[in-house]
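Here the structure is laid out as structure tokens; the discussion comes afterwards.
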Amino acid sequence: MSSDIPRCGPSEAVPAHVQRNTPAMHLARPHAPTTKHLFLTTVLCAILAACGGGGGDDDGTPATPPVPAAPAGPTLAACFNLTPGTAYTMTDPDGGSTSGKVLVVNESFDGAARNGSVEFAGATDIRSAATYWSPESAGIRFWGFVEYDAAGTAQSKTVHSAAFLLPLTLQAGQSTVLKYTDTIQQLTGAQAGQTDTEAMEETWTFEGFETLTLGGKTFTDTCRIKTLPAAAGQDGPSTLWFAKGFGVIRVRHTNSAGQVVEESSLNAVTAQP
């Protein structure tokens, strides 16, 4: 998502209504890394100037003031930051009139508190899926997801291996192949307690930053990501738009012919801390 010596001058997996082919993304069916450094650089430059180290002459000529640093641009990591308490609704991916609720949470998953995106069944308060991820120093780490039955009871938990990591070094237009392992645990029913593993392989492409206006709100610098499983079959790629604080605010699934088969997007923000 520098030299240790400061220089004066110019110088930062998803819910069931999103998932179709991407196990981490369930929205389909039914740190500021440079700010502190730039601030510190400016302070040090000011100190040097005040002490006569900024290039002023010995005869008292004032030192040339430092050139303000250029503002930091958008980053891939920022798109994946989640703000717990944020809530919104998404249009029905099958074209129905009922919107699905989404809530950003911080809760326990696989033994630790994780930020995640929880989907609800339509306009109800019954959970249908919850997906967890976070920006880490090496990349965007997708932790896994939980699927719920019609009554809102957790019925299975999928934990991704550490290899499900989207590199922060990915530039617009670049792709990466993610090979990881899923561990799926059945939580209810006759198979409760049964655990299986599955090898996964997907190609993720960072298509670039995009500004979207949805539900009366403008989202600047969203990250547009295209995902394609290795065994896509008749399904084509899925495209997901991630927005800072919110998570997935738009998703589109296509078939192998490139035709859109499902699409959903944010249509109302109901809570924003």
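Since the model is a prediction, treat every value here as computed from it, not as a measurement.
Thr158 places no side-chain N or O within 3.5 Å of a backbone atom of Ile184 that could act as its donor or acceptor partner. With hydrogens and angles ignored, the 3.5 Å screen pairs no side-chain donor or acceptor of Thr203 with any backbone N or O of Val177. A donor-acceptor distance shorter than 3.5 angstrom exists from the side chain of Thr75 to the backbone of Ala78, with no hydrogens or angles considered. For Asp94 (side chain) and Gly96 (main-chain N/O), no donor-acceptor pair under 3.5 Å exists by modelled atom type. For the pair Ser161 (side chain) and Thr181 (backbone), a donor-acceptor distance under 3.5 Å is present. No side-chain donor-acceptor contact under 3.5 Å links Trp204 to the backbone of Lys226. Without hydrogens or angle criteria, Ser256 side chain to Gly236 main chain gives no donor-acceptor distance under 3.5 Å.
For the atom pair His160 NE2 and Phe142 CZ, the distance stands at 8.0 Å (nearest 0.5 Å). With values rounded to the nearest 0.5 angstrom, Ser99 atom OG is found 4.0 Å from Asn267 atom CG. For the atom pair CZ of Phe206 and OG1 of Thr176, the computed distance is 13.5 Å after rounding to the nearest 0.5 Å. If you take CH2 on Trp143 and CZ on Arg141, they are separated by 4.5 Å, rounding to the nearest 0.5 Å. Atom-to-atom distance recorded for Glu207:CD and Leu240:CG is 10.0 Å, nearest 0.5 angstrom. Taken to the nearest 0.5 Å, the CD atom of Gln155 stands 11.0 Å off from the CD atom of Gln191.
Linking ILVMFWY side-chain heavy atoms closer than 4.5 Å, directly or via other members, places Ile225 and Tyr180 in a single hydrophobic cluster. Hydrophobic clustering (side-chain heavy atoms under 4.5 Å, transitive across Ile, Leu, Val, Met, Phe, Trp, Tyr) keeps Leu170 apart from Leu165. Using a 4.5 Å cut-off between side-chain heavy atoms of Ile, Leu, Val, Met, Phe, Trp and Tyr, with links allowed through other members, Tyr148 and Leu187 fall into different hydrophobic clusters.
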Would you check, one step at a time, whether the test side chain to side chain contact (heavy atoms under 4.5 Å, CB included) holds for Arg250 with Glu263?
CA-CA 8 Å; Arg250 185 181 181 188; Glu263 189 164 12; 3.1 Å; yes

Go through it in stages, so that I can follow the logic: the residues are Glu136 and Ser134, the test is side chain to side chain donor-acceptor pair (under 3.5 Å), and I'd like the CA-CA distance, side-chain angles, deciding distance and then a yes or no.
CA-CA 6 Å; Glu136 305 293 317; Ser134 61; 2.6 Å; yes

Assess the residue pair Ser175 and Thr205 against the criterion (side chain to side chain donor-acceptor pair (under 3.5 Å)); give the C-alpha distance rounded to whole Å, side-chain angles, the decisive distance to 0.1 Å, and a yes or no.
CA-CA 4 Å; Ser175 300; Thr205 302; 2.6 Å; yes

Go through Thr220 and Lys244 one step at a time and tell me if the side chain to side chain contact (heavy atoms under 4.5 Å, CB included) criterion holds.
CA-CA 9 Å; Thr220 59; Lys244 179 180 180 181; over 6 Å; no

Residues His253, Val260; criterion side chain to side chain contact (heavy atoms under 4.5 Å, CB included); working and verdict:
CA-CA 6 Å; His253 303 298; Val260 177; over 6 Å; no

Would Phe120 and Leu103 count as a side chain to side chain contact (heavy atoms under 4.5 Å, CB included) here? Give the steps.
CA-CA 8 Å; Phe120 296 86; Leu103 174 66; 3.8 Å; yes

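Scanning all heavy atoms of the two residues, the minimum distance from Trp133 to Gly247 falls at CZ2-CA, 3.8 Å. For the residue pair Leu76 and Leu168, the shortest heavy atom distance occurs at CD2-CA, 4.2 Å. Here the closest non-hydrogen pair linking Thr222 and Glu210 is OG1-O, 2.6 Å. In plain terms, the two heavy atoms of Ala151 and Ile126 that are nearest each other are C-CG2, 3.7 Å. Heavy atoms only, all atoms of each residue included: Ala163 and Lys179 are closest at CB-O, 3.1 Å. When all heavy atoms of Gly208 and Ala172 are compared, the pair lying nearest together is CA-CB, 3.8 Å.
Side-chain contact, Gln272 with Tyr88: no donor N or O sits under 3.5 Å from an acceptor N or O.
The side-chain heavy atoms of Thr195 and Thr183, taken from C-beta on, include a pair separated by under 4.5 Å. The closest side-chain heavy-atom distance from Pro237 to Thr254 is below 4.5 Å. Contact of the Ser97 side chain with the Asp92 side chain is not registered, since no non-hydrogen atoms from C-beta on lie closer than 4.5 Å. Side-chain atoms of Thr153 and Thr188, non-hydrogen and from C-beta on, do get closer than 4.5 Å to each other. Looking only at side-chain heavy atoms (C-beta outward), Pro93 and Val251 stay at 4.5 Å or farther from each other. You'll find the side chain of Thr89 stays beyond 4.5 Å of the side chain of Val102, heavy atoms only. Under the 4.5 Å side-chain criterion, counting only non-hydrogen atoms from C-beta, Asp110 is in contact with Lys157. Pro84 places a side-chain heavy atom less than 4.5 Å from the side chain of Asn115.
For Trp241 and Phe209, the ring centers sit 6.0 Å or farther from each other. Annotation: Phe219 is in aromatic contact with Phe246 [ring centroid separation under 6.0 Å].
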